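Here the structure is laid out as C-alpha cells; the discussion comes afterwards.
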Amino acid sequence: MELVKLSALCVACLVPVLLLRRKTPEQALLLTIAILAVALAQCLRAAAPVMEELRALFQRAGVETAHAAILLRTVAAALVTRLCADLCRDGGSQALASAVETAGAVAALLIALPLLRAVVELLLGYFT
C-alpha cells in the first residue's frame, strides 16, 4: 500500500515539476529534491521492520553482525549513488552524474573491503 501512495505522490508532483522546468529549472530541481526527501523518509520508515527481520535472519544463520552491516551499507551506498546521479542528470549535468557514479563505486569498494579481506583470509586458511 505504501508503494501505491508513494507512486501516486511522485506522479502527482510530476506535472508541477515539468511545468516549472520550462520557466525556472532551478525551482523544478528543488521541488524534485523535496519530493525525493519525502520519498526517502517514507522508504526508511517502511524499511525499519525489514531491517529487523534481516538482522534476525543473519543472526539465525550465524552471519557475523559486522559482515551483515557491510552488506547493508554497500546497498545503501548504491541507492544513494543512484539517486544523486539521477538528480545530476535531471539538473542537466551528465558529467556530474558520472562523477557521482564513480565515487559511489569507489565508496562501495571501500565499504566492502573488510568483507573481501575476510573472504581472502578464509580462502588462505584452506590452502595453508
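The model shown is predicted, which means the values in this text are computed figures rather than measured ones. These values consider heavy atoms only, across backbone and side chains, with no hydrogens, waters or symmetry-generated copies.
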Checklist entry - Given the rule in the side-chain contact (heavy atoms from CB on, under 4.5 Å) test, do L83 and L79 qualify, once you have shown the distances and angles that lead to the verdict? => result CA-CA 6 Å; L83 283 174; L79 292 172; 5.6 Å; no

Checklist entry - Do T65 and Q59 pass the side-chain contact (heavy atoms from CB on, under 4.5 Å) test, and can you show the C-alpha distance, the side-chain angles, and the key distance before you say yes or no? => result CA-CA 7 Å; T65 306; Q59 187 177 27; over 6 Å; no

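Under the 4.5 Å side-chain heavy-atom criterion for Ile, Leu, Val, Met, Phe, Trp and Tyr, L9 and V15 are members of distinct hydrophobic clusters. V50 is connected to L71 through a chain of hydrophobic side-chain contacts under 4.5 Å among Ile, Leu, Val, Met, Phe, Trp and Tyr, so both are in one cluster. Hydrophobic clustering, with ILVMFWY side chains joined whenever heavy atoms are under 4.5 angstrom apart, keeps I33 apart from V38.
Between A97 and A85, the shortest heavy-atom contact is CB-O, 3.5 Å. For the pair L20 and Q27, the tightest heavy-atom approach, listed with the atom from each and the gap, is CD2-OE1, 3.7 Å. Nearest approach of A46 to P49, heavy atoms of both residues: O-CD, 3.3 Å. Of all heavy-atom pairs between V63 and A68, the closest is CG1-N, 4.3 Å. Across all non-hydrogen atoms, the minimal contact from C43 to L6 is SG-CD2, 3.9 Å.
Between L31 atom CG and I35 atom CD1 the span is 4.0 Å, to the nearest 0.5 Å. Here the CG-CG distance, from L19 to L14, works out to 9.5 Å after rounding to the nearest 0.5 Å. Interatomic distance, CG of D86 versus CD of E101, reported as 8.0 Å (0.5 Å rounding). The distance from atom SG of C13 to atom CG of L36, rounded to the nearest 0.5 Å, is 10.0 Å. For the atom pair L72 CG and R55 CZ, the distance stands at 12.0 Å (nearest 0.5 Å). The CG atom of L87 sits 12.0 Å away from the CZ atom of R82 when rounded to the nearest 0.5 Å.
Cluster partners of L40, using a side-chain heavy-atom cutoff of under 4.5 Å among ILVMFWY residues and allowing indirect links, are L44.
Taking 4.5 Å as the limit, some side-chain heavy atom of R117 sits within range of a side-chain heavy atom of L113. Side-chain contact between L29 and V17 is absent, with no heavy-atom pair separated by less than 4.5 Å.
Looking at S93, its side chain never comes within 3.5 Å of a backbone N or O of R89 through a donor-acceptor pair.
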